[in-house]
S.K.: 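Mind having a look at this structure? Questions to follow.
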2 protein chains.
Amino acid sequence: MPYDPSAFPPFAVTVDLVVLTVRRHSLCALAVRRGEPPFQGRWALPGGFVRADEDLAQAAARELAEETGLRVHDPAVPAQDNGAHLEQLATYGDPKRDPRMRVVSVAHLALAPDLPAPRAGGDASNARWAPVEELLQQGGYGRDGEPVAPLAFDHAQILSDGVERARSKIEYSSLATAFCPPEFTVGELRRVYEAVWGVALDPRNFHRKVTGTPGFLVPTGGTTTRQGGRPAQLFRAGGATLLNPPMLRPEV
Amino acid sequence: MPYDPSAFPPFAVTVDLVVLTVRRHSLCALAVRRGEPPFQGRWALPGGFVRADEDLAQAAARELAEETGLRVHDPAVPAQDNGAHLEQLATYGDPKRDPRMRVVSVAHLALAPDLPAPRAGGDASNARWAPVEELLQQGGYGRDGEPVAPLAFDHAQILSDGVERARSKIEYSSLATAFCPPEFTVGELRRVYEAVWGVALDPRNFHRKVTGTPGFLVPTGGTTTRQGGRPAQLFRAGGATLLNPPMLRPEV
DNA sequence: GTGTTTATCGTCAGGCAGACGACTATGATC
DNA sequence: GATCATAGTCGTCTGCCTGACGATAAACAC
């Protein structure tokens with residue numbers, strides 16, 4: 001089959017972002033309110049078109065910076081531990097997923113520490129951190145008693161896939177530290193696991209496990225009492241990215 | 001930002017396939033020879049354009065059927081165990097990955113049992129199963145002493161990602177059975193793990209492990225001596241998709 | 001029969017995880 | 001300042017799983 005530009009249909013390609021963080025002991029995702037049809041007024045995942053000269057990862061990083069101000073953590077610079085983790089999640093291309101035209105969306109997953117209030121085009125009322133269960137429940141009522149509309153497009157599916165990816169990935173990688181500030185305690189890390197998995201973990205076994213896994217945590221020497229109680233050692237993320245043996249998620 | 005069709009650049013969207021199988025104790029991938037520029041005469045992964053009314057998974061299944069005759073295993077029909085496993089792998093969208101135009105490729109990973117010779121457009125000389133190390137080595141010489149050219153486009157990267165996905169996924173899922181015929185012995189399954197991981201496994205511990213993992217294997221009652229030696233029990237894949245505890249890949 | 005090949009069952013020691021007790025060091029409360 | 005609540009850290013014990021074997025079984029080739 002020789003090259004023939006008319007032989008393939010044109011697509012629009014977008015990136016959508018599942019930006020996760022842990023706030024007040026619960027796993028939250030960034031949602032933006034749609035200002036135009038379709039799904040006007042509904043909540044959706046942030047995203048946008050990929051530009052003509054842009055890689056997919058670049059487009060995702062640009063959208064993330066536009067929505068949150070976050071820069072992406074560069075693995076080549078381990079000292080600079082600020083910035084979010086960003087990875088490709090999956091691609092969604094159902095012909096009917098966007099009623100306007102044929103859009104293929106390359107979803108990305110971003111993990112960030114707890115942030116100040118989000119901004120979306122400078123308008124704070126159009127962006128928020130919401131617990132993922134709240135965003136994923138269909139047609140119920142939110143914490144404030146307000147009725148909850150499902151996310152626009154297939155974004156509920158994308159969010160669900162992103163959450164599942166995060167839940168499984170913190171088992172065998174050190175990614176849970178991406179939810180933490182640059183310096184954190186074992187208890188803070190444990191609360192990340194508890195929030196993402198939605199389970200309670202034994203503090204003593206957790207402490208033994210993470211401090212015993214080589215390369216996971218490196219002590220900084222400092223301590224903190226910001227959680228109350230006895231002062232806790234501060235750690236930074238170690239160089240290891242893959243945990244061996246992995247963290248074990250308790251049975252349901 | 002109102003809807004404006006001129007606001008986004010048009011993309012071509014393709015699916016590329018990493019089709020893996022185990023032949024003669026080594027992990028092989030399907031490669032097709034390119035008949036036209038760019039990369040004319042070079043080996044590449046099979047793939048093609050996504051049609052206007054087609055889902056991404058449908059496009060991948062269609063390409064797989066065109067290249068191999070394989071149908072995709074439908075998880076809703078566990079009895080019909082023939083057919084390949086197919087899943088989305090990742091999406092590649094570097095602006096320069098295709099010199100002709102902006103192409104975003106949604107790569108898929110397919111796992112198949114050992115097959116008869118492949119066909120590509122009816123021409124067998126333009127398709128072959130090749131060991132993945134052979135396809136991935138850069139500028140060396142193949143088993144037959146012929147010089148090896150690297151795969152076209154970024155297909156070496158895609159193949160490498162697919163192999164890595166397969167290697168890690170058989171650790172915690174029952175996907176290794178997708179490389180086996182509908183009925184297989186523990187030894188055949190072990191040789192799959194050995195080929196995919198490139199390691200030797202202890203037959204006794206492997207046997208204990210897989211027969212002891214609930215839902216992994218169900219005995220069919222039959223036996224076979226097709227491997228020589230003492231007759232071995234035949235098994236089918238059990239309903240379990242996730243292995244708990246996982247298979248452990250030996251340290252390198 | 002003898003040797004070879006593959007399958008299968010057992011044994012044993014080391015390591016890790018879950019359950020949980022004990023102790024420590026803070027801040028809050030009276 | 002004594003007491004309490006909170007959170008962190010160190011140990012112990014037991015059961016299970018794994019890796020490293022030995023041993024036996026059942027076919028085929030000669």
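Computed over heavy atoms, backbone and side chain alike; hydrogens, waters and symmetry mates excluded. These numbers were taken from a predicted model, which means no experiment stands behind them. The chains referred to below are lettered A, B, ... by the order of the sequence lines, with proteins before strands, and numbering in each begins at 1.
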S.K.: How many whole angstroms separate atom CZ of A/Arg226 from atom P of C/dG27?
M.R.: 15 Å

S.K.: Could you give the CD-to-P distance, from A/Gln227 to C/dT24, as a whole number of Å?
M.R.: 23 Å

S.K.: What nucleotide, of D/dG19, D/dA27, D/dT9, holds the atom closest to the side chain of B/Pro231?
M.R.: D/dA27

S.K.: Given D/dA7, C/dA7, C/dT11, identify the nucleotide with an atom nearest to the side chain of B/Arg190.
M.R.: C/dA7

S.K.: If you define the side chain from C-beta out and look only at heavy atoms, does anything of A/Glu134 sit under 4.5 Å from A/Cys28?
M.R.: no

S.K.: For B/Phe206, which of B/Tyr193, B/Phe216, B/Trp197 qualifies under ring-ring contact (aromatic ring centres under 6.0 Å, His included)?
M.R.: B/Tyr193

S.K.: Verify the contact: side-chain N or O of B/His207 to OP1 or OP2 of C/dT8, cut-off strictly under 4.0 Å; return yes or no.
M.R.: yes

S.K.: Establish, with yes or no, whether the OP1 or OP2 oxygen of D/dG8 is under 4.0 angstrom from a side-chain nitrogen or oxygen of A/Arg191.
M.R.: yes

S.K.: In terms of side-chain heavy atoms of B/Pro245, which of C/dA17, C/dT8, D/dC17 is nearest?
M.R.: D/dC17

S.K.: With no angle test and no hydrogens, is the base of C/dG21 tied to the side chain of A/Arg204 by a donor-acceptor pair under 3.5 Å?
M.R.: yes

S.K.: For D/dC17 and B/Lys209 - does any side-chain N or O of the residue sit under 4.0 Å from the phosphate oxygens OP1/OP2?
M.R.: no

S.K.: Under the criterion side chain to side chain contact (heavy atoms under 4.5 Å, CB included), I'd like the reasoning laid out for A/Val192 against A/Phe184: C-alpha separation, chi angles, the key distance, then a yes or no.
M.R.: CA-CA 11 Å; A/Val192 165; A/Phe184 52 89; over 6 Å; no

S.K.: Tell me: CZ of B/Phe206 to C1' of C/dT6, nearest whole Å?
M.R.: 15 Å

S.K.: If I take atom CG in residue B/Leu201 and atom C1' in nucleotide D/dC21, what distance separates them, rounded to the nearest angstrom?
M.R.: 16 Å

S.K.: Starting from P on D/dA7, measure out to CD on A/Glu188 and report it in whole angstrom.
M.R.: 12 Å

S.K.: Check the side chains of A/Tyr92 and A/Asp161 for a donor-acceptor pair under 3.5 angstrom, ignoring hydrogens and angles.
M.R.: yes

S.K.: Of B/Arg249 and B/Gly228, whose closest DNA chain D nucleotide lies nearer the 5' terminus?
M.R.: B/Arg249

S.K.: Check this for me: does the side-chain of B/Arg230 come within 3.5 Å of the base of D/dA26 through a donor and an acceptor?
M.R.: no

S.K.: Nearest to the side chain of B/Arg208 - D/dG19, D/dG8, C/dA17?
M.R.: D/dG19

S.K.: Could you state the CG-C1' distance from B/Asn244 to D/dC16, rounded to the nearest angstrom?
M.R.: 13 Å

S.K.: Between A/Glu183 and A/Arg226, does any NZ, NE, NH1 or NH2 come within less than 4.0 Å of an OD or OE carboxylate oxygen?
M.R.: no

S.K.: Provide, to the nearest angstrom, the distance between the CG atom belonging to A/Asp202 and the P atom belonging to D/dG11.
M.R.: 16 Å

S.K.: Tell me: CG of B/Leu234 to P of D/dA26, nearest whole Å?
M.R.: 17 Å

S.K.: From the list D/dT18, C/dT8, C/dC20, which nucleotide is the closest neighbour of the side chain of B/Leu248?
M.R.: D/dT18

